[in-house]
Amino acid sequence: MLRMLRRVLPLLLGFFMALPAPAADLDEIRARGELRHLGIRYANFVTGSGDGFDVELMRGFAAHIGVRYTLVYSDFYSVIRDLLGREVVREGDSVRLEGAYPVRGDVIAAGFTVLPWREAVLLFSAPTFPSQVLLVASAQSPVRPIAGSDDLAADILETRALIAGKSLLVMTGTCLDPANYGLEGVGIDLRAYTRSTNLNEMVPALLNADAEFTLLDVPDAILDLRMWAGRIKVLGPISEEQALAAAFPPDAPALRDAFNAYLAALKASGEYDALVDKYYPGIRRYFPDFFASVPR
């Protein structure tokens, strides 16, 4: 019997250690003394050099609640699993959680778009930043940008019509997933980018002729239009305006509420505004209504 226990005990211990730990809410994080920020290198939200819009936002939040800050790098395919300890499986418009994995962080902040399927499993903060998904082509493409109008819905339909019969570079499981925008099964040659999980590689792949078009969100497009000046062009909008936000486990409402209070204070003080200008100069003209609500 003792010999059997010696064989079985390590297996049992391994099984229980593999189970996801319960989410840490505000009291547990204060007791632990550390806030673990799950970040993804993307579009100046997390630069990979220890700074970025969301890095500064979360570092300030950690100081606000009196704990040390730790940045934990992840990617768009793993980040929800790293937060919840469960894998998210999408089936059409529904999602389910399965498996058991280590919990590596307490909050996601990485230019993370609020999408209906993500809202089914995550607790989002108030919006931290505005966004919108755009259709982008190389500057040499014969396809011309739409003229644009005051009717966003009409502009989206006109932009979508440009893709018919063409190839579109996408990345599933992200804000650039064609399933988010009804682009599957409508005669578009969808080409999934799989060489990495880094959305920053979409424009280089486009310029390498991996596809005729790709999708970018506005914060990323602003940076890429500068980095690849004269080599890419925006054709028009694919989505309505979107919100980016911090994402928390569903059983960490006190942590989310504390962050919302911190974010409101940051906006009132003008510090939020300074962060916007530091990392995304010029973005206000794309979202005048959003930024008009922020004190300057």
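Since the structure is predicted, the reported quantities are computational estimates derived from the model, not experimental observations.
- Between Val143 and Leu235 the shortest heavy-atom distance is O-CD2, 3.6 Å.
- Applying the side chain to side chain contact (heavy atoms under 4.5 Å, CB included) rule to Pro127 yields the partners Ala243, Phe290; only residues at least two apart in sequence or on another chain are considered.
- A cation-pi arrangement is not found for Arg118 relative to Phe124, the charged atom failing to lie both closer than 6.0 Å to the ring centre and inside a 45° cone about the ring normal.
- Looking at Arg30, Arg36, Arg256 one by one, the single match for salt bridge (Lys or Arg N to Asp or Glu O under 4.0 Å) with Asp106 turns out to be Arg36.
- Under the 4.5 Å side-chain criterion, counting only non-hydrogen atoms from C-beta, Pro204 is not in contact with Leu207.
- With sequence neighbours excluded, no residue forms a side chain to side chain donor-acceptor pair (under 3.5 Å) with Arg226.
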Donor-acceptor pairs are to be reported for all side-chain atoms of residues 107-115 against protein atoms at under 3.5 Å, with residues two or more places apart or in another chain.
none

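- Ring to ring, Phe45 and Tyr279 are not that close: their centroids are 6.0 angstrom or more apart.
- By the 4.5 Å heavy-atom criterion applied to side chains, Phe259 and Met58 are counted as neighbours.
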(request) Evaluate salt bridge (Lys or Arg N to Asp or Glu O under 4.0 Å) for Asp54 paired with Arg59, printing each intermediate quantity in order. (result) CA-CA 8 Å; Asp54 278 324; Arg59 184 180 285 122; over 6 Å; no
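- Atom CD1 of Ile222 sits about 9.0 Å away from atom CG of Leu134, to the nearest 0.5 Å.
- Taking the side chain to side chain contact (heavy atoms under 4.5 Å, CB included) definition, one finds that Glu271 meets it with Leu266, Ser269, sequence neighbours left out.
- For the residue pair Asp51 and Thr47, a side-chain donor N or O sits within less than 3.5 Å of a side-chain acceptor on the partner.
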Taking distance alone, no hydrogens or angles, what donor-acceptor pairs closer than 3.5 Å link side-chain atoms of residues 164-175 to residues at least two apart or in another chain?
unit_1	atom_1	unit_2	atom_2	d
Ser167	OG	Glu212	N	2.8
Ser167	OG	Glu212	OE1	3.1
Thr174	OG1	Met171	O	2.7
Thr174	OG1	Leu176	N	3.0

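- In this structure, His64 and Phe61 have parallel ring planes: the angle between them is below the 30° cut-off, well short of the 60° mark.
- More than 12 heavy atoms of other residues, nucleotides or ligands shown are found within 6.0 angstrom of CZ on Arg32.
- The aromatic rings of Tyr280 and Phe53 lie perpendicular to each other, with more than 60° between the two planes, well past the 30° mark.
- In this structure, CG on Asp220 lies 5.5 Å from CG on Asn200, to the nearest 0.5 angstrom.
- Every residue meeting the side chain to side chain contact (heavy atoms under 4.5 Å, CB included) condition with Arg96, not counting sequence neighbours, appears here in chain and number order: Val89, Glu91, Glu98.
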(request) Any chance you could lay out the side-chain hydrogen bond (donor to acceptor under 3.5 Å, both in side chains) test for Ser239 and Gln132, step after step, and finish with the verdict? (result) CA-CA 6 Å; Ser239 77; Gln132 185 179 37; 5.1 Å; no
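- In this model, no donor atom of one side chain and acceptor atom of the other lie less than 3.5 Å apart for Asp75 and Tyr42.
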